[in-house]
Structure formats: structure tokens, C-alpha cells
Amino acid sequence: MSKGIHLLQDPRLGRLYELMRRVNSSTDTAGVLEEIVAGVTEGLGYGVAAISRIQGDALVVSTFSGPEHYRAQVLGRRRPVQLILDAFDQADEWGIIRYVPRGRVAGEFLEGMWVPDCDPVEGADAWHPGDALFGPLYAPTGELLGIMSVDRPPGGRVPDQQQRELLEMFVVQAGLALSHAQHRARLAEQLVVGEMLTKVALAGSLVDLDLVLEAAVRAVAEGLDSCQTWLRCFPETLNGSWEHAAGYPAPNAVTAGIQTLLGDLVRLSEADHGFPIEVGLEPDPGDLLPMSGQALQHKMRLHDATQAAVCPMLVGRDVLGYLVVMRSADQPALTPPQRAGLAEVGRTLGPLVLNARLRSTEQRLLAELQELDRYKGELIATISHELKTPLTSIMGHTELLEDGASLDVSLPAITRNAHRLQGLIDNLLSYSRLQEKRSPARQEVDLAGLVRGSIETLAVQLDRQALSVSLDAPHGPVSVAGDPEELRRVCDNLLGNAVKYSRPGGRVSVQVGGDADGAWLSVSDQGLGISRQDQVHLFSAFHRSSNPEALSIPGTGLGLAISRRIVELHEGTVTVDSTLGQGSTFTVRLPWRPDSPRLG
């Protein structure tokens, strides 16, 4: 009788046909595999049947049927895939079944191998506990997905031809079940990756770059199930900032960027290297990120991650930033579809970042143009006012002189207003010159000496307003490097303002000193003070106070703008601390001259 007739008459096929139906219709892969191994033990009469699935480079037993006291010994057992493949080379081939008699394979293959506790029967075809019978579980594409292993065959004897054919059918069904499960998992994974890419693309509709990054990093973290993900843009210029960054789920994970990543990613991009780059915690001689690998591994440890994938944000081969996805020890490595999706995220984010930067630049330029237009109008109005007031006085007194008025009254007024015009013109020329200047002349300047000179220059005004002035300065020089005329102008402006805006009988306090950070000058008064609103624009050109009492005092609004520009050219800072109605304190800090003695 032929093999086909034998099989058709075998009553055990009913269970197999039911399994075939379940394999093709059920999404419960674990349940189907349980039924398959139960069919091998209960239907075919094997004492033990187990299915191992490939996880990375290991085979892990996931499904078992047999005596309960064996279950704990078998489930979860891991063996390297390569050991099984090497054993296949030594095995007898029974169709897709592989039979390895005891003693044929030794060494590593036997280490960790589970052997049932039973005695062999008598006879040449007796099954020995050391024998092995495997059924490789293949996908239709030929990919190995796992193995089915059986032991203690029916009657304790090596399976005959018919038993092998029946076992082979169960093995084929187990392979199909795993293949269907893998196909469903990949489809689901592709859907998740596709949804992630859609969310990243939609993030580009947001106007603000920080909002774009926040939406994108969350989409990537959720789509790839990472323990920590972050995005960071490289500075647009060498001296730019790192403010554009986002992290999820820990948003503060990006407080410090890995600046050396730029060099590594640019090099790999120019070499047309595939992305993403995967990094582990252990040192790798072939590390693709030689400059930044250790810094990245340090961040991985902070988040209990054991693996990371780095992908640049690209426009062509220009690297605008990078994306890091971290995964913990209990998470599998990124699959090929996930890696491809991550690379696509990098290619998608590059243009989004570039467009967001262009929008930001456009908005900044528009704001600057609007501010320039406002400034131009304010400049014309201020200069017109400042010119008109003394000119009106000069013209008025000139007419009085023509009518025969006394020279004693008109000439001093004309002279005073002419000096006022001269001062305004000098300030305008100075401000224009300083805007174009890039660095001051460098020579030794005694800051304390400049302050003493300014106080002497203001002696008449101090006496006129009955103001007292105190100076707290070292006996020796406080030496800085700079332009003495420009620094003298700063001292004159600050002390002159303190006197101008002090009430009669008040006090002006001046301090000069130094510490580890540099030399400093502090000028305090008990005068009108400055509101918080006015302090915002205090050092802007032509800014005048909104305080009516301060506006009644003549001024061009250029003194503090000129002073700040001079201090900045000298690599220093000028700050103000003021309370409306109580007075102000202006503090200038300048770096030490390289060979000057340090105070404090």
C-alpha cells in the first residue's frame, strides 16, 4: 500500500487537520503551539515535545508537553543557535527531521542538553535517552524560526517511516504557526513605524522649532518603545547656542549635549555610511563614534540603558542635529523595519528643522525691520527735539540782541545752548563711531585714577546741588587694559547721571575694587530711581525715562548706550540695580590687565 493511502487511513490525521485549520485562522500563536506539542505527545505517542523559538542568537524553549515534573526543567532553557546548526551537520536527514544518535556529537552540544530520566528497551532500534530528534521550523522564505524537539518516541524505539512522516506534518504546522505570527508582528510593527513617521511629519506643521522637536521626540519614543529618547539641534553658527532640544520621557535628559557627535556624524555622512549607528555599553575596537562614544555610553548608564541607536537629522549630507534612542536590557534590539523607520525620521526631521530655522530667521528679521523702523522714527523725533530746544533758545536771544537787549543776558544763554548742541553732535558721532568699532586701543589704565578725575570735573555741579560724594578705592592703582579716553567717558557718564538725577542735599557713593573675576566700579545715588519697565530699555540708544520728573531734566538718551558699548568693547559688563523713588546703583566690571596685581 502506498504512503498516501497509509496516511489517509491513519485516525491521528483528524487532529492534524484541525490543527491546520487553527494555524491558518487563529491569532493565538501560543495556544496553537500548545495544541501542536500536545498533538505530538497525545496523538503521536511521544513522551516529550518542546518548541524553542529564536531570540537573538539563542534558542529559548517556549512551549512544552510532557510529564509535569519535567516542565520546570525544560521551559526557558537557552542554547546557542549555532550549536544546533552544527549538530544538524552531523545528523541523519529524515525529510526535514534531523536525527542525532548518541555519541555522534560531543563537547559543547551535550553541555546543558536536557536528557529524560528513563531506561532504553532492548533491540537494535531501541531509543536511547542520549539520542536527539529535531524538527527545524522554517518560514516559507526559508528563514529558521525555531526548532521542535521530541523525546521518548512511541514504544521506546527509533521512529519508523510512517511515524516520521506524521511528525514531519506537525513540524510543518509549527513552522507555519511561527511564520504567521512573525508576519503579523511585522505588519503590526510596520503600522506602528508608519504611524510614528506620520506623527513626525505632522510635527512640521508647528511653527516653533522647540514644539516641533517635542512632538517628534515623543512620537519616536512611543513608536520605538524606548526607555529614553532625545533630539538636539547643532548650533547654526560655531558660537551658537544649544537651546533647541527635547527629550522623552525625561525632558531634562538633554541639559548637556554631546558636541563631539557633530564631528563623528559629519564624517560618517560624508562617507555615505548607513544609519542609524548602534552603540552598546561595552568598548568596541571598531567603534564608529570614536570621539563621542564614551560620552554617549555615560548618558546610557544614567538612564539604565544597555543599547542606543544614533541617527543624524540630515538635509542632503548636511548634519543639522541628531536623534538618540535608548533601550534597556529587557528590550530587544531594534528590528530592521524599526531601524529603517528611525533613519527615515532623521531624513524627515532635517528639512523640518531647516524650515523651522528659516521661519525663525524670517520672524527675527521682520521684528528687526519693525524695530529699525520704530527706532528711525524715534531717532528723528528725539534728534529733532534735542536740536530744536537749544536752537529755539539761540534764535530767541539773537532776536533780543537785534532789538537791543542786554549782552549780559543773551550771550551766556546763546553760549550755553551752543554747547548743548555741540554735546549732542559729539554724542551722535561717538555713538556712530563706537558701533563700527571692533576693539579698543590697549594700554594700562588706572580705573581708580579715572574716577578721581571724574569727581574733580563734577565739583562745581556737586557744590551747586549741595551733594556729598564718597569714594571707597584702594590706595594703589586698579589697573585694567583699555582705551583711557573711552573708559574716562564711562566714568564721566555714570557719575554725571548720578549727580543729574539726585535731589539736592543727597549723597553719591562711588566704589572701586576688584576680585578674582576682575576690576569693578560701582556708582550709587539716592535720586529718582528707575522703574522696572524703563530698566528693560535703559541701555538702548535715545531711550528716555517714562518718569515725568526725569523727563524734565535735559538729556539725549545716548550716554548709557555709549557707556555700554565701550564696556562691551573692553570685554566687560555694566548692570543696574534701581528702585523707583529710592535711587540707582550702576556697576561696571572689567577684566584685569594680564600682569596686574589681583585685589580682594
Side-chain angles (χ1 to χ4, degrees), residues 201-217 231-246 251 254-255 257 313 315 318-321 348-386 427-439 530-547 550-551 555-569 571-578 580 586:
L202 289 174
S205 62
L206 301 171
V207 176
D208 184 73
L209 178 55
D210 289 321
L211 294 178
V212 171
L213 297 184
E214 287 173 11
V217 77
L231 282 163
R232 182 174 285 278
C233 295
F234 289 117
E236 295 183 59
T237 62
L238 290 177
N239 297 321
S241 64
W242 290 79
E243 71 275 13
H244 296 299
V254 293
T255 51
M313 293 185 280
V315 175
D318 293 335
V319 181
L320 302 187
T348 301
L349 279 175
L352 295 185
V353 169
L354 181 61
N355 289 338
R357 282 180 170 177
L358 290 175
R359 285 196 300 269
S360 176
T361 301
E362 181 182 6
Q363 291 171 351
R364 176 174 53 80
L365 290 175
L366 179 60
E368 288 178 358
L369 287 173
Q370 291 172 338
E371 177 63 21
L372 184 60
D373 187 60
R374 184 200 64 77
Y375 172 76
K376 181 185 69 174
E378 185 177 288
L379 173 63
I380 293 172
T382 301
I383 293 178
S384 299
H385 177 270
E386 293 299 324
N427 277 339
L428 286 169
L429 292 174
S430 295
Y431 184 72
S432 176
R433 176 177 56 82
L434 288 168
Q435 291 302 105
E436 297 176 358
K437 196 170 185 178
R438 291 295 172 261
S439 61
I530 307 163
S531 68
R532 292 291 181 188
Q533 179 182 357
D534 285 335
Q535 288 180 41
V536 175
H537 303 288
L538 186 62
F539 294 97
S540 300
F542 301 106
H543 172 75
R544 295 301 308 276
S545 173
S546 59
N547 182 359
L551 281 174
T556 64
L558 282 173
L560 289 178
I562 290 172
S563 297
R564 182 181 68 171
R565 180 59 181 162
I566 291 173
V567 171
E568 288 176 345
L569 287 172
E571 301 175 3
T573 60
V574 56
T575 57
V576 61
D577 180 18
S578 182
L580 188 63
F586 286 83

| query | Should Leu209 and Val353 count as side-chain neighbours, where that means a heavy-atom distance under 4.5 Å? | reply | yes
| Which atom pair, heavy atoms only, marks the closest approach of Leu213 to Cys233? | CD1-SG, 3.8 Å
| field | Pairwise distance OG(Ser205) to CG(Asn355) - rounded to 0.5 angstrom | value | 12.0 Å
| Atom pair CG/NE2 of Leu320 and His244 - distance to nearest 0.5 Å | 12.0 Å
| task | Identify the two heavy atoms, one from Leu206 and one from Ala215, that lie closest to each other, and give their separation to 0.1 Å. | result | CD1-CB, 4.0 Å
| Any side-chain heavy atom of Met313 sitting closer than 4.5 Å to one from Leu231? | yes
| said: Within this structure, what is the CZ-OG1 distance for the pair Arg564 and Thr573, rounded to the nearest 0.5 Å? | reply: 12.0 Å
| note | d(Leu354 CG, Leu349 CG) to nearest 0.5 Å is 12.0 Å
| remark: Applying salt bridge (Lys or Arg N to Asp or Glu O under 4.0 Å) to Arg364 and not counting sequence neighbours gives Glu368
| request: Find the distance between CZ (Arg565) and CG (Leu560) and round it off to the nearest 0.5 Å. | output: 15.5 Å
| field | Side chains of Glu362 and Leu366 in contact at under 4.5 Å (non-hydrogen atoms) | value | no
